[in-house]
Amino acid sequence: MRMTPNAAPQRTEPLTQYRKIKATDAAGARMLDCALAQIHERGLSVTIDRISFEDIIKEAGVSRATAYRKWPSRQAFLADVVSAAVQRVEFTTDGLEDIRLLRPLLDSGIETWEDPQQRRNATVTGLRMVTQADFERILASPDTDLYYGLTATCRGLRDDAVRENAQNALRSASVALVSRRANVFRGLPSMLGYRLIPGIDPEGGFELLAEASGAMGYGLAITAFNDPDFATRTFRIAAWGSTAVEEWTHPAYHLVGLIFSYFEPDPDVVWNSERIAHLSAILDELGSVAENAARDGAESETHADAEGTGDGA
């Protein structure tokens with residue numbers, strides 16, 4: 001699925017921590033849901049500071065006394081709207097899908113991986129496939145519209161307290177996102193037989209790459225929103241040290257190039273049949289972990305939905 005720039009995203013169910021709010025304060029959660037629904041449905045035409053507290057009270061079917069007992073002022077409510085909106089944002093890679101993409105690639109050419117050029121070709125192809133899939137998932141996610149929309153409108157919020165709360169919430173979300181990306185990048189060298197290029201601090205290098213990829217991804221996503229074909233329009237090239245001419249999208253080309261600007265083959269890594277077998281075992285293990293996580297997540301969603309049906313007025 002690909003998102004067109006002006007399509008109204010479908011509403012997503014709240015995250016686990018937000019469901020805890022629903023379980024303990026159904027009326028307050030309904031009000032936050034109503035406010036977030038306006039943002040989802042109308043996008044940037046409804047900025048945070050244009051949300052009417054009184055209209056939300058009516059729409060949620062909550063008494064004014066209950067609403068004002070929880071939020072003494074409209075500004076306090078808007079501050080919680082921002083926090084709830086950011087809590088709903090979840091940028092996670094689809095590990096299971098990535099493994100499904102990489103497994104056939106490894107299986108089809110594993111006997112050639114002792115050759116440095118063939119190994120480079122496979123590495124470039126694998127990164128091309130994974131970065132493209134990840135970029136398309138980001139574009140297709142309603143969370144992308146919400147996060148980028150909040151980022152774009154944050155500086156224009158008129159109330160100082162609400163703006164500061166929005167900035168703090170977005171900053172915390174950004175830090176968490178960089179940390180998750182850095183952990184992903186941190187696992188690449190041991191799998192691919194690469195290392196950080198000399199001169200980059202091994203302690204902070206992965207965070208630097210995570211920050212750079214996030215900033216680049218943001219710009220690429222904004223470009224794709226304005227030009228829907230940008231995410232899938234391709235050109236043919238043998239890229240980034242590969243001798244294989246392949247179809248590249250602009251986002252994948254830029255993102256893979258960024259990754260290779262931080263990594264180089266590790267000369268101390270010996271590629272032989274034992275190492276290749278070890279890499280195959282790692283992918284099998286990661287595939288099992290991803291499948292279990294996907295299954296546990298689906299069961300958690302089902303359980304939480306069942307609990308949510310009991311919320312009262």
Side-chain angles (χ1 to χ4, degrees), residues 1-7 9-10 43 89-109 117-149 151-152 174 177-178 180-182 184-185 187-188 191-192 194 206 208-264 283 286 290:
M1 178 176 68
R2 297 181 181 89
M3 176 180 287
T4 56
N6 296 318
Q10 297 297 313
V89 174
E90 186 175 48
F91 290 133
T92 57
T93 57
D94 189 338
L96 180 56
E97 181 60 27
D98 290 344
I99 296 301
R100 286 171 176 165
L101 287 172
L102 294 176
R103 183 79 259 180
L105 174 66
L106 181 62
D107 290 342
S108 65
Q117 186 59 62
Q118 294 302 317
R119 193 164 61 248
R120 179 71 174 200
N121 289 1
T123 300
V124 171
T125 297
L127 289 175
R128 175 183 61 81
M129 295 167 64
V130 170
T131 54
Q132 179 63 24
D134 190 50
F135 187 72
E136 290 187 19
R137 281 195 297 268
I138 289 174
L139 287 185
S141 170
D143 288 339
T144 301
D145 266 2
L146 180 58
Y147 184 81
Y148 289 174
T151 301
S174 178
L177 183 57
V178 166
R180 288 197 296 271
R181 283 202 195 101
V184 172
F185 290 133
L188 286 180
M191 287 185 60
L192 301 178
Y194 279 64
F206 299 106
L208 280 176
L209 175 55
E211 291 172 353
S213 67
M216 179 180 286
Y218 177 86
L220 293 170
I222 296 300
T223 302
F225 288 159
N226 295 326
D227 177 7
D229 292 335
F230 175 76
T232 55
R233 189 166 56 241
T234 62
F235 60 97
R236 292 179 61 78
I237 189 173
W240 309 121
S242 172
T243 57
V245 177
E246 298 181 288
E247 296 282 345
W248 286 81
T249 65
H250 290 258
Y253 182 82
H254 295 314
L255 289 167
V256 171
L258 176 65
I259 293 172
F260 280 124
S261 73
Y262 278 75
F263 293 135
E264 66 177 12
L283 282 179
L286 290 175

For residues [X] and [Y], report the shortest heavy-atom separation together with the two atoms involved.
X	Y	result
Gly241	Asn121	O-OD1, 4.3 Å
Ala210	Val178	CB-O, 3.4 Å
Arg181	Ser213	CD-OG, 3.4 Å
Ser242	Ala244	OG-N, 3.0 Å
Gly217	Leu255	N-CD2, 4.4 Å

How long is the straight-line distance from [atom2] of [Y] back to [atom1] of [X], given to the nearest 0.5 Å?
X	Y	atom1	atom2	value
Glu246	Met129	CD	CE	9.0 Å
Asp229	Thr234	CG	OG1	11.0 Å
Thr243	Gln118	OG1	CD	6.0 Å
Leu220	His250	CG	NE2	10.5 Å
Met216	Glu211	CE	CD	13.5 Å

Would you check if the side chain of [X] reaches a backbone N or O of [Y] as a donor-acceptor pair within less than 3.5 Å?
X	Y	result
Arg120	Trp240	yes
Thr223	Gly219	yes
Ser261	Leu258	yes

Would you sort out whether Val124 and Phe260 count as a side-chain contact (heavy atoms from CB on, under 4.5 Å), showing the intermediate values? CA-CA 9 Å; Val124 171; Phe260 280 124; 3.7 Å; yes

Report yes if the side chains of Phe185 and Leu208 come closer than 4.5 Å at any heavy-atom pair, otherwise no.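 No. Closest side-chain heavy atoms not under 4.5 Å.
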
Before you tell me yes or no, could you show the steps for Phe230 and Leu139 under side-chain contact (heavy atoms from CB on, under 4.5 Å), namely the whole-Å CA-CA distance, both residues' side-chain angles and the distance that decides it to 0.1 Å? CA-CA 11 Å; Phe230 175 76; Leu139 287 185; over 6 Å; no

Aromatic contact, Phe235 with Tyr253 (centres under 6.0 Å):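 Yes.
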
Candidate list Thr123, Leu127, Val130, test side chain to side chain contact (heavy atoms under 4.5 Å, CB included), partner Val256, passing option: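 Of all the options given, the one that passes is Leu127.
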
